[in-house]
Undergrad: 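A single structure is presented below for examination.
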Amino acid sequence: SSVCVGQLISEVKQSRLVKIVDRIDSDADGYITTPELKAWIKRVQKRYVYENVAKVWTDYDLNKDNKISWDEYKQATYGYYLANPEEFEDATDQFSFKKMLPRDERRFKTADLNGDLAADREEFTSFLHPEEFEHMKDIVVLETLEDIDKNGDGHVDEDEYIADMFAHEDGGPEPDWVKTEREQFSDFRDLNKDGKMDQDEIRHWIMPQDYDHAQAEARHLVYESDQDKV
């Protein structure tokens, strides 16, 4: 399946897309194919990640040595809290800081591949955007587990899974979409049918090996824009 550039421009009324359509059409044949669109989506995603890091780099590289040490990051992020703990007497604030600081340190040390406690650009990028890096995926899974596992048993049961997306406050009946999510948990999330998700099952949920986000988005965009589908 492919989309004629002329059709795409007429259908999608976005001047930005019109300007970049030639860049997407890598073989300059006048058509945008799913592989071309997928490659462009991946380039844009990667550029966004590195541009984001570039924007915040100077906020953390306090001594301007083109590296960000753990101490620099901790000072920039938690320095005020560490110096003025009495101002954070609220239990929620205290819990947030006490939870997030060691969590950030653990993630920083995982990103710090050479173990020198100083992140270069690539290491700091993997620290801020761990989902983009293979060696950081265990941390993403672990952090997801910790966020949802409210009873601290190292697993995510069905109620915890639902509570992450729906707050049942009024005690009334659950909406139909929640019932569907409960079925999803039973049928597709809890793979070994023990009533809860372990880290492998969480990985399969949030990072399915058989699903490519860029590919799916590219296919969707081509399908929506392709008027003479074949």
Side-chain angles (χ1 to χ4, degrees), residues 14-24 26 36-149 164 199 202-203 205-207 209 212-215 217-218:
Q14 296 182 17
S15 60
R16 217 173 146 202
L17 184 56
V18 174
K19 292 176 184 177
I20 62 174
V21 82
D22 287 340
R23 288 183 237 169
I24 303 174
S26 58
E36 287 173 329
L37 198 50
K38 175 185 173 181
W40 176 76
I41 289 170
K42 283 185 173 292
R43 285 198 304 272
V44 170
Q45 289 173 335
K46 188 172 184 179
R47 187 178 68 207
Y48 164 77
V49 166
Y50 284 95
E51 285 179 352
N52 173 255
V53 171
K55 285 178 183 177
V56 302
W57 182 265
T58 56
D59 295 338
Y60 299 110
D61 183 15
L62 304 179
N63 65 2
K64 311 304 178 190
D65 67 347
N66 210 32
K67 284 188 174 185
I68 296 172
S69 69
W70 165 246
D71 284 340
E72 285 178 313
Y73 180 81
K74 181 172 68 172
Q75 180 60 34
T77 306
Y78 299 103
Y80 189 82
Y81 163 72
L82 293 171
N84 304 277
E86 69 282 354
E87 294 188 25
F88 298 87
E89 294 179 357
D90 180 80
T92 302
D93 288 341
Q94 290 256 355
F95 175 77
S96 294
F97 281 110
K98 287 179 179 178
K99 176 184 176 182
M100 292 307 300
L101 199 158
R103 179 160 150 161
D104 274 353
E105 184 173 12
R106 181 183 64 194
R107 189 199 282 194
F108 191 96
K109 288 179 176 178
T110 303
D112 177 28
L113 291 176
N114 65 5
D116 64 353
L117 286 181
D120 59 22
R121 295 264 176 173
E122 193 72 3
E123 289 170 331
F124 196 65
T125 302
S126 71
F127 169 70
L128 290 184
H129 298 274
E131 68 285 350
E132 301 293 330
F133 293 82
E134 191 62 38
H135 69 282
M136 298 295 290
K137 289 186 176 179
D138 285 347
I139 281 289
V140 176
V141 171
L142 181 57
E143 290 179 358
T144 301
L145 169 62
E146 291 171 343
D147 287 340
I148 304 177
D149 175 25
D164 185 55
Q199 289 194 36
I202 291 171
R203 176 188 287 270
W205 167 39
I206 64 176
M207 301 174 184
Q209 301 241 333
D212 185 324
H213 290 279
Q215 176 79 5
E217 184 64 20

Undergrad: Salt bridge check, Lys55 against Glu51: does any charged N sit closer than 4.0 Å to a carboxylate O?
TA: no
Undergrad: Just how far is it from atom CH2 of Trp57 to atom CD1 of Ile68, taken to the nearest 0.5 Å?
TA: 4.0 Å
Undergrad: With rounding to the nearest 0.5 Å, note down the distance linking OG1 in Thr144 to CD1 in Ile202.
TA: 7.0 Å
Undergrad: Are Arg103 and Arg106 side-chain neighbours, meaning at least one heavy-atom pair lies under 4.5 Å?
TA: yes
Undergrad: Could you go through Glu131 and Ile206, starting from their C-alpha distance and side-chain angles, then the distance that decides it, and tell me whether this counts as side-chain contact (heavy atoms from CB on, under 4.5 Å)?
TA: CA-CA 10 Å; Glu131 68 285 350; Ile206 64 176; over 6 Å; no
Undergrad: When you compare the side chain of Phe133 with that of Glu122, does any pair of heavy atoms fall below 4.5 Å?
TA: yes
Undergrad: Between atom OH of Tyr73 and atom CG of Leu101, what is the distance when rounded to the nearest 0.5 Å?
TA: 9.0 Å
Undergrad: With rounding to the nearest 0.5 Å, note down the distance linking CD in Gln75 to CG in Leu62.
TA: 7.5 Å
Undergrad: Looking at side-chain heavy atoms only, is the closest gap between Val56 and Leu128 below 4.5 Å?
TA: yes
Undergrad: Keeping the roles fixed (side chain from Gln199, backbone from Leu142), state whether a donor-acceptor pair exists under 3.5 Å.
TA: no
Undergrad: Evaluate Lys109 against Leu117 for side-chain contact (heavy atoms from CB on, under 4.5 Å), listing each step before the verdict.
TA: CA-CA 7 Å; Lys109 288 179 176 178; Leu117 286 181; 4.0 Å; yes
Undergrad: Does some side-chain heavy atom of Ile139 sit less than 4.5 Å from a side-chain heavy atom of Val141?
TA: no
Undergrad: Would you sort out whether Phe127 and Asp112 count as a side-chain contact (heavy atoms from CB on, under 4.5 Å), showing the intermediate values?
TA: CA-CA 8 Å; Phe127 169 70; Asp112 177 28; over 6 Å; no
Undergrad: Which value, rounded to the nearest 0.5 Å, describes the distance between Arg107 atom CZ and Met136 atom CE?
TA: 6.0 Å
Undergrad: Does some side-chain heavy atom of Leu82 sit less than 4.5 Å from a side-chain heavy atom of Phe97?
TA: no
Undergrad: Could you go through the salt bridge (Lys or Arg N to Asp or Glu O under 4.0 Å) check for Asp147 and Lys99 one step at a time?
TA: CA-CA 11 Å; Asp147 287 340; Lys99 176 184 176 182; 3.7 Å; yes
Undergrad: Taking NZ in Lys64 as the centre, count heavy atoms belonging to other residues, nucleotides or ligands within less than 6.0 Å. Is the count above 12?
TA: yes
Undergrad: So, does Tyr78 use its side chain to make a donor-acceptor pair with the main chain of Met100 at under 3.5 Å?
TA: yes
Undergrad: Considering all heavy atoms of both residues, which atom of Leu113 and which atom of Thr110 are nearest to each other, and what is their separation?
TA: CD2-O, 4.0 Å
Undergrad: Within the supplied structure, the quantity of interest is the number of heavy atoms (other residues, nucleotides, ligands) at a distance under 6.0 Å from Tyr48 OH; does it exceed 12?
TA: no
Undergrad: Before giving the answer on side-chain contact (heavy atoms from CB on, under 4.5 Å), spell out for Asn63 and Asp61 the whole-Å C-alpha distance, their side-chain angles and the decisive distance to 0.1 Å.
TA: CA-CA 6 Å; Asn63 65 2; Asp61 183 15; 3.2 Å; yes
Undergrad: Quick check for you: to the nearest 0.5 Å, what is the distance between Glu143 atom CD and Asp104 atom CG?
TA: 8.0 Å
Undergrad: So, for Lys67 and Ala118, which heavy atoms are closest and what is the spacing to 0.1 Å?
TA: CD-CB, 4.0 Å
